Every structure is written in C-alpha cells, then in structure tokens.
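A short write-up of the structure that comes next.
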Protein chains: 2
Amino acid sequence: MNKQKLTLKDVAQMLEVSTATISNAFNRPDQLSAARREDILKACQRIGYHGPNKAAQILRKGQSNIVALVLADNIAYMVSDPVASTFIKGVSKVLHTHNKHLLLYSGNVESIRDVIDFVDGFICYGAPENTELTHQLTASSKPVVTVDFNIPGRPAIDIDNEQAAYEIAKRAIRPGDRVAILGLKLIASANTCRIYDSPLHCADSSISHRRLKGYQRAMQEQGIDTDNEWVWHIPESEGSYARQAAREVLNSHPRPDVVLCMSDIIALELLQYAGSQNIAVPGALRITGFDGIEEAARTRPNLTTICQSSLTKGEMAAERLISGSQESTQLPFDILAGETV
Amino acid sequence: MNKQKLTLKDVAQMLEVSTATISNAFNRPDQLSAARREDILKACQRIGYHGPNKAAQILRKGQSNIVALVLADNIAYMVSDPVASTFIKGVSKVLHTHNKHLLLYSGNVESIRDVIDFVDGFICYGAPENTELTHQLTASSKPVVTVDFNIPGRPAIDIDNEQAAYEIAKRAIRPGDRVAILGLKLIASANTCRIYDSPLHCADSSISHRRLKGYQRAMQEQGIDTDNEWVWHIPESEGSYARQAAREVLNSHPRPDVVLCMSDIIALELLQYAGSQNIAVPGALRITGFDGIEEAARTRPNLTTICQSSLTKGEMAAERLISGSQESTQLPFDILAGETV
DNA sequence: CTGTTAGCGCTTTCAT
DNA sequence: ATGAAAGCGCTAACAG
C-alpha cells in the first residue's frame, strides 16, 4: 500500500533539485526545459510521488476546482426529482469538461461556512430553504450564480416565469371560469393548504410568486376574480403532497373549471385523481402544468405545460460560474400544447 | 459585501489575545472558560470573523468533512437512474447527520488524485468505468467503502447477488425452457450485443457476473444448456439500450420462453416491447427483473423481481465510512413475487 | 488557563 | 533555467 507520505521537499532532496523546480515541473511547464521536466516527472512516477498535495495547493492557491451546488432542499429529495436531477446533469457535464468537481450542498443546513473558504464558487438552484444561506451567499466574495431565483448583484439564470405563467393560463381559461391554482412553496408552511391571507414567502425573488402573478394577470384580463381562497400551497413538488392538494381541490364545491399547476408532478397527480373520479379532462376540467418533464408527454391525455430546459439551465449556470461572467440570462420557454386544455 | 479578509491572527491582535485562544474558542471549548469563550465568540461575530479558514484547517488537520462518492459512470447518468439516486439519498442522509458533505465523482475520469489528498474517504458505488481508479483506491491510505463490488481488504456492502439470481431464476424456469439472459456490463463494449466468447469484464468482482453465475446454476439444475449465445450484454441500465436488447431477444428464433433481466429498467422495457408484439406475459413469455424499483410494482402485469434496498445500502456505506469499521456486510434481499412468471 | 512557536505542503517572487 | 526563502492560515505541543 502506497502511503503517499512523500512531500515535494522529500522528492526535491532525493532528486537533488530545488523544490521550486519540482513544483514547476508539475504546474508551470514553461518554467523549465521540456527534457528536464520529462526527467523529473519520470523520476517522480518511479518513486511514487503523484504530484503536489492538493490540500496544500488549495490553501496556497486559493483554488480547489470544487464547485458547490446549493440545492433548495435536502439532497435526498432533489436527487430524485426529475427536474432537479436533469439540472444537476447539465451542471456536472460542464464541470467535467473543465476538470472541476461537484459538491452537493443541502439548502437546509445551518451555514455555508463549512465550504465557503475553499470552493471556487456556488451555483444556487432555487431559493435555499434556510434563508440565512441567501444572506451568506450575498455577502460572500466568491462567485455565485443563481438559478430560478435572484440575489441582487449576482448573475441569474431563469426563464420569464411570469410571462410563461400568463401565456399558459391565457390558453386555459375562459370568461366566467372558476380557476384554482396549485402553487409551490408560496408560504412558509410544511403542509399542503390554501394560502388565504398568509404572508407570502420571499415574495420578490421566488419563481412561484412570479408565476402566481402571471396566472392572476391572465385571470384579470378575463374578468375573473383572483381570490387566495382558491390558491393552494404545496411544500414540495412531490407525489404525496400533490395528491392531497388534488383531492382537496377537486372535492371543493363548486368545483373549479380550470386548475393551474406550478409543476408537472402536481399536474400529473391531479390528472390521475381526476381520472379516478371520472372527471373528464379537458371536458369537465382543464389542467396546466409547468416544466415539461418527459412523463408529461407520455401520459394520456398528455399535459399542456410550459417546457423549459433544465439541462440547458444547468450547463449555462456552470459555464457562467467558470467564465466569471456577470451577465444574467432569461432562457426561452415553449408552450407544450397538450390535450388537457 | 463582507470580504472575509480577517485571519485568526488579525483577530487575535484586535482582541489582544493570543491566536491559540481564538483557535481554542472555536475548536476546543474545554480549553478555556465558558465566559471567556462567549466573549471571544461575540467579539468575532461583531467584527465579522466567522471562524478559522477551512482551507487552512484542512491542510493542518488533514480532515475536510468531505466524502467523495465515486460513481460507476458519469454523474449525469447516475443521477437519473432510480436505483443510483436512491443510493445517493441514503448516503447524503447519513452524511448530513454527521455534518459531512458529499462530493460527487465520476467513475470515468482519469484519476482520483484531484481530491484524494483532502477528502476524508471514498464510497465507491459499483466498479468505476475507468479501472485505473480501482487501483488508485486500492493503494490509497484513505478509508474506502465499496458497494456492489469489491476491493480486497476494504469493507464492502452488497447482497448475495449469486444467490438472489439463483433464486429468482429457479422460480422462473422449467425443464426444457429456452432461457435468455439480458445482462448488464458483462463485457467491455459500449454496445448492446450477445457476449458469445468475449472475455468477461472484471469477472471476479462484478455483481453482473455473480448474477450470471446464479442464473446459470439454476439452469443447470434444470438440465438446461447454458450458452453464451443467449446472453446479451447491455452497457448501461438505460431505456434506449434496453429497448434494442428487447427487440433482439424477442425477434430471435426460436423465441425464448424465459428472459432473466439484470435490472428492472431492462425488464420493464422488455415487458413493454412484448406487449407491443402481443406476446402474452407470463403465458408465452416469463420475465424476471432485478432491483425492485417502484415503477416495477406499478406496472401491469407487475414485475417479478429481486427487491434490495438501495437506501439502506447508501446509509450503511456512509455509516461504515464514518465509523471506520472494516466489516463487510451482505444485506438481505427479497423476492417480489409479481405476475410476470 | 494562556501565550509562543514550529510546522502542515506548497507556490512564488526574487536573486543568481 | 534554477535555488533560497517568505508566507498561505491554522493547530497543537509545550512552557509558563
């Protein structure tokens, strides 16, 4: 077992060269002749020195080639969500081509300080559940790229959520409709519930509130009352929460004509429950989703939803972080005209 | 913007205490009075010093609280696979409770050296695609826990793959059957193909070869010929590869009576293709899976498969790494008696 | 209980 | 093209 106890200094002594030369052989090829470099590298190989210690390099250079991906929720949930995992895919793909590595970070931990000193930067995917993290990220001197939420002064990647919501709602609703909204993370509650007059959760930076605004704009244009009694909060885009909301909304009297859902997962759950209750879609009930996950296209009837590319988002976020560009981007979205409207 | 430029030394000067005292206030509460500690911590808070620099700590202490999870393939693929992502869930859950962080590492990169000097250890999930990594892991002085494959002298977590394969095969086959096997990563090829006489890929440590052995033992017991012509290699447990294999095997003449699949993803793809060809399951064709993913239970007819808990595997691997225990464990498995046999 | 000090292993001027 | 030396920021042994 190769104990990797050799330090650069040891090697320098063994080869009777200065430490600087060994260091240069590994890090700055232009600082010595190619031949000399070859010799040194070969000798190192032979004696089992595999290059400078990374921990020391990190301290000295202030660079680690590690990028932290701060997720909104705990890793466990994020990894199984199709939208989030596609995003992670995009990020990791780009990092890989730059020889950088990916540190997954939960949005519900206490602090970001465990890693802030050595990571090269942060990609922040959605507003972290622990809002303290947002402050720390704001104050940090490290590069930060935000996705699907906003920190003033930091580059952001997202889509025009309000416009997307407006456009899909416009397609779904007709004058005189009763419209319900199944929203995501609208208030600070761990339970599925109607929002009524609860104070909105970080209302300015959250994509959910943008979407809400878009929906409501479309409703107002049709002369429909916007009433928070018909807006549900769902804490996570996850089957079991969505199922509860689906039951509640479809068992309300009078039953809504349209339900606008802030994720496909929610919409699919609703669609399935509607099926089980023999409620015809779109005949008796119109449904819209949001995201454009693959399953939404496989379902019968297939879902009318907003299609956004999580993969592109991930790639772009990683590229932006690496390039250091401070530019923000709004990615395009498509309306996927399905059969549920 | 808080530039975090303060060092422990600066702070010591400002507060007119020695550096050791500041350091102790943060790391070793028992080394000074509670009151003094409180004062110091408060003062630090006030002047904006949030604790010792982590990069320096890592170098000094040789501990980073980062655990690398080495995946068999690239991260992109792993994150979307239900089995792998459940495993990641289990790992991250346990790491989280120990305030450790998760670094995702592709099994297809060149080397593990980028991180070996500072991570606290490795969890290795499946044989890394780049076999060089296995050597580096073997030689490393850091803790390593392997899952679903083996490095001599390192603790391993897995199930008895051979026995599981044997048992499920035994249920599926009858004397005189023609049996095909849809295997996973049996040979070193990027394409779906029959294995014929190709040399087997790391035959000793691979779970696929254990499963193959189990299947073949069951076949021999029934007096059935084991012939590699009827064994397919699939490079990844992924829909598109599986679809190809499904077509090939069901369009072979004579058509097999039983197909033993090394993953549920493969089996489900086969099941769907059989449906599209109006081949009755289990009437005209029996199918077995492996893993016990949720979707396998939702399908009609639901899949007969081996159920193993990826979540437990992940939790156990992380716990073993953290505790430093050198013990290996074989987790139990269940046969999920479905309707495809 | 507190302060001084010698490194952890490396990179990078700067002089040669 | 190469070598000597000063830290990067911290911790832990040791002495007080």
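So that the names make sense, note that chain A is the first sequence line, chain B the second, and so on, each numbered from 1. Nothing here was measured: the structure is a model prediction, and the numbers come from that model. Only this structure's heavy atoms are used, side chains among them; waters, hydrogens and symmetry mates stay out.
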Between A/Tyr49 and A/Phe26, ring centroids under 6.0 Å | yes
A/Asp117 has an atom CG; how far is it from atom P of D/dT11, in whole Å?
-> 11 Å
Ignoring hydrogens and angles, tell me if any N or O in the side chain of B/Ser106 forms a donor-acceptor pair with the backbone of B/Asn74 under 3.5 Å.
-> no
Among B/Val109, B/Leu103, B/Ile112, which residue meets the side chain to side chain contact (heavy atoms under 4.5 Å, CB included) test with B/Val70?
-> B/Ile112
Donor-acceptor list for residues 79-89 of chain B side chains, cut-off 3.5 Å, not counting sequence neighbours:
| from | atom 1 | to | atom 2 | distance (Å) |
| --- | --- | --- | --- | --- |
| B/Ser80 | OG | B/Tyr77 | O | 3.1 |
| B/Asp81 | OD2 | B/Val83 | N | 3.3 |
| B/Asp81 | OD2 | B/Ala84 | N | 3.0 |
| B/Ser85 | OG | B/Asp81 | O | 3.2 |
| B/Ser85 | OG | B/Pro82 | O | 3.4 |
| B/Thr86 | OG1 | B/Pro82 | O | 2.7 |

Among B/Glu327, B/Glu319, B/Arg320, find the residue that satisfies the side chain to side chain contact (heavy atoms under 4.5 Å, CB included) test when tested with B/Ile157.
-> B/Arg320
Go through the steps to decide whether A/Asp73 and A/Lys185 satisfy the test salt bridge (charged side-chain N to carboxylate O under 4.0 Å, His left out), and finish with yes or no.
-> CA-CA 11 Å; A/Asp73 278 286; A/Lys185 301 185 196 179; 2.9 Å; yes
Would you mind checking if B/Asp148 and B/Lys313 are paired as a salt bridge, meaning a charged N to carboxylate O distance below 4.0 Å?
-> yes
What is the bend of the helix from C/dC1-D/dG16 to C/dT16-D/dA1 when you compare the axis at one end with the axis at the other, using five pairs each and rounding to 10°?
-> 30°
A/His209 and A/Ser206: side chain donor to acceptor below 3.5 Å | yes
Can a side chain N or O of B/Arg37 be found less than 4.0 Å away from OP1 or OP2 on C/dC1?
-> no
Take nucleotides 6-16 of chain C nucleotide by nucleotide from the 5' end and write B, S or -, depending on whether a protein heavy atom sits under 4.0 Å from the base, only from the sugar-phosphate, or from neither.
-> BBBBBBB----
Take atom CD1 of B/Ile40 and atom C1' of C/dT2, then tell me their distance rounded to the nearest Å.
-> 10 Å
